Peer 1: 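A single structure is presented below for examination.
Quantities reported herein were computed from a predicted structural model and do not represent experimental measurements.
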Amino acid sequence: KILEGLALSSVKFIFGPIYFYYDKQNEYNFYFTIFYSILGGMIGVVFFSYLSDLIFKIWDYIKHSFRKTFSNKNNTFSTPVADVDGKIIINYSYIETGKSKKKVFNPRNRRLVRIWSEWGILGIAFITPVLLSIPLGTIITTRLVHSKKKVFIYMFCSILFWSVLITSIFELYHVATFQDLGKQITK
């Protein structure tokens, strides 16, 4: 049961505290819920931080191999003819003539860019546990910030904040779902 909750917290964090808090079989208290939620979230951050490096190395290799294999180079040149006395050195270079593809920015990407430009790693780390997901937020911050230590510290603070907040809300209102929470708050 604990491993399921840790796995849930490491991928989609917002459901981790809820899973631990409402586990009727083990009945974790407030502190255990926070501890296991943070542990699961940080396992996800560390795992996806190092996995993202591997994924991007593999992606770059595949992209390079694909370009090398399927590029539009014309390798069939005739022997050059020159009407001069002496040696001539001829260098060939290949020019890629294809237009670079424009990157498509959908509204979600624009919001992420705006958050990054206004708030930096703090903004991305803050929204990662609840709006993005641990894998996506970690991959984004790992690509944009080269210090893993900095990524781990900001993610830990964000996961700690959200874990305490979510667990406190459920402890305070004693509700079972978000719908019940909405009904309690609007009363």
Peer 1: Of the non-hydrogen atoms in Lys148 and Thr142, which two are nearest, and what is the gap between them?
Peer 2: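 Nearest pair, atom of Lys148 first, then Thr142: NZ-CG2, 3.7 Å.
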Peer 1: Which heavy atom of Ile121 sits nearest a heavy atom of Trp116, and at what distance?
Peer 2: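 That closest heavy-atom pairing would be N-CZ3, 3.2 Å.
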Peer 1: Considering non-hydrogen atoms only, spot the tightest contact between Gly40 and Ser10 and give its length.
Peer 2: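 Result for this residue pair: O-CB, 2.9 Å.
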Peer 1: Would you check if Phe13 and Thr128 make a side-chain contact, meaning some heavy-atom pair closer than 4.5 Å?
Peer 2: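 Result no, sub-4.5 Å side-chain heavy-atom pair not found.
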Peer 1: Would you say Ile38 and Ile153 are hydrophobically clustered, going by side-chain heavy atoms of ILVMFWY under 4.5 Å?
Peer 2: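 Different hydrophobic clusters.
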Peer 1: Are the side chains of Val11 and Ile134 in contact, using a 4.5 Å heavy-atom criterion?
Peer 2: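 No. Closest side-chain heavy atoms not under 4.5 Å.
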Peer 1: Determine, using the 4.5 Å side-chain heavy-atom cutoff (strictly less than), whether Ile139 and Leu54 are members of one ILVMFWY cluster.
Peer 2: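 No, Ile139 and Leu54 fall in different hydrophobic clusters.
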Peer 1: Just verifying a value: how many Å separate Thr138 OG1 and Ile124 CD1, rounded to the nearest 0.5 Å?
Peer 2: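 Answer for the OG1-CD1 pair, Thr138 versus Ile124, is 11.0 Å.
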Peer 1: Starting from Trp59, can I reach Phe47 by hopping between I/L/V/M/F/W/Y residues whose side chains sit under 4.5 Å apart?
Peer 2: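 Result: no, two separate clusters.
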Peer 1: How far does CD1 of Ile55 sit from OH of Tyr50, to the nearest 0.5 angstrom?
Peer 2: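 Rounded to the nearest 0.5 Å, the CD1-OH separation comes to 15.0 Å.
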Peer 1: Which distance, rounded to the nearest 0.5 Å, do you find between the OG of Ser163 and the CD1 of Ile14?
Peer 2: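 Reported to 0.5 Å precision, the distance equals 11.5 Å.
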Peer 1: Please check if the side chain of Thr141 supplies one atom and the backbone of Val151 the other of a donor-acceptor pair under 3.5 Å.
Peer 2: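 No.
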Peer 1: Measure the spacing between CG of Leu165 and CD1 of Ile34 and express it to the nearest 0.5 Å.
Peer 2: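 Here the interatomic distance stands at 10.0 Å.
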Peer 1: Does Phe56 share a hydrophobic cluster with Val145, counting links as ILVMFWY side-chain heavy atoms below 4.5 Å and allowing steps through other members?
Peer 2: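 Per the 4.5 Å side-chain linkage, Phe56 and Val145 are not co-clustered.
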Peer 1: Give, for atom CD1 of Ile159 and atom CG of Leu39, the distance between the pair rounded to the nearest 0.5 Å.
Peer 2: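 Reported to 0.5 Å precision, the distance equals 10.0 Å.
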Peer 1: So, the side chain of Lys63 versus the backbone of Ile58: is there a donor-acceptor pair under 3.5 Å, distance only?
Peer 2: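 Side chain of Lys63 to backbone of Ile58: no pair is present.
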Peer 1: Take a 6.0 Å sphere around CZ of Phe152 and say whether it holds more than 12 heavy atoms from other residues, nucleotides or ligands.
Peer 2: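 Yes, because the 6.0 Å sphere around CZ of Phe152 holds more than 12 heavy atoms from other groups.
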Peer 1: I need the minimum non-hydrogen distance between Met42 and Phe156, along with the two atoms involved.
Peer 2: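 That would be SD-CA, 3.6 Å.
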Peer 1: Once rounded to the nearest 0.5 Å, what's the spacing between atom OH of Tyr154 and atom CZ of Phe126?
Peer 2: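 Here the rounded value is 14.0 Å.
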Peer 1: How close do Tyr36 and Leu6 get, counting heavy atoms only, and between which atoms?
Peer 2: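 Minimum heavy-atom contact is O-CD2, 3.3 Å.
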Peer 1: So, does Ser52 use its side chain to make a donor-acceptor pair with the main chain of Phe48 at under 3.5 Å?
Peer 2: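 A pair under 3.5 Å: yes.
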Peer 1: Keeping Ser158 on the side-chain end and Met155 on the backbone end, is there a donor-acceptor pair under 3.5 Å?
Peer 2: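 Side chain of Ser158 to backbone of Met155, a donor-acceptor pair under 3.5 Å: no, none is there.
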Peer 1: Under a 4.5 Å side-chain heavy-atom rule over Ile, Leu, Val, Met, Phe, Trp and Tyr, are Tyr31 and Ile2 clustered together?
Peer 2: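 Yes, because Tyr31 and Ile2 connect within a single hydrophobic cluster, where side-chain heavy atoms sit under 4.5 Å apart.
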Peer 1: Just so I know, are the side chains of Arg111 and Ile127 near enough to count as touching, which here means a heavy-atom distance under 4.5 Å?
Peer 2: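 No, side chains not in contact.
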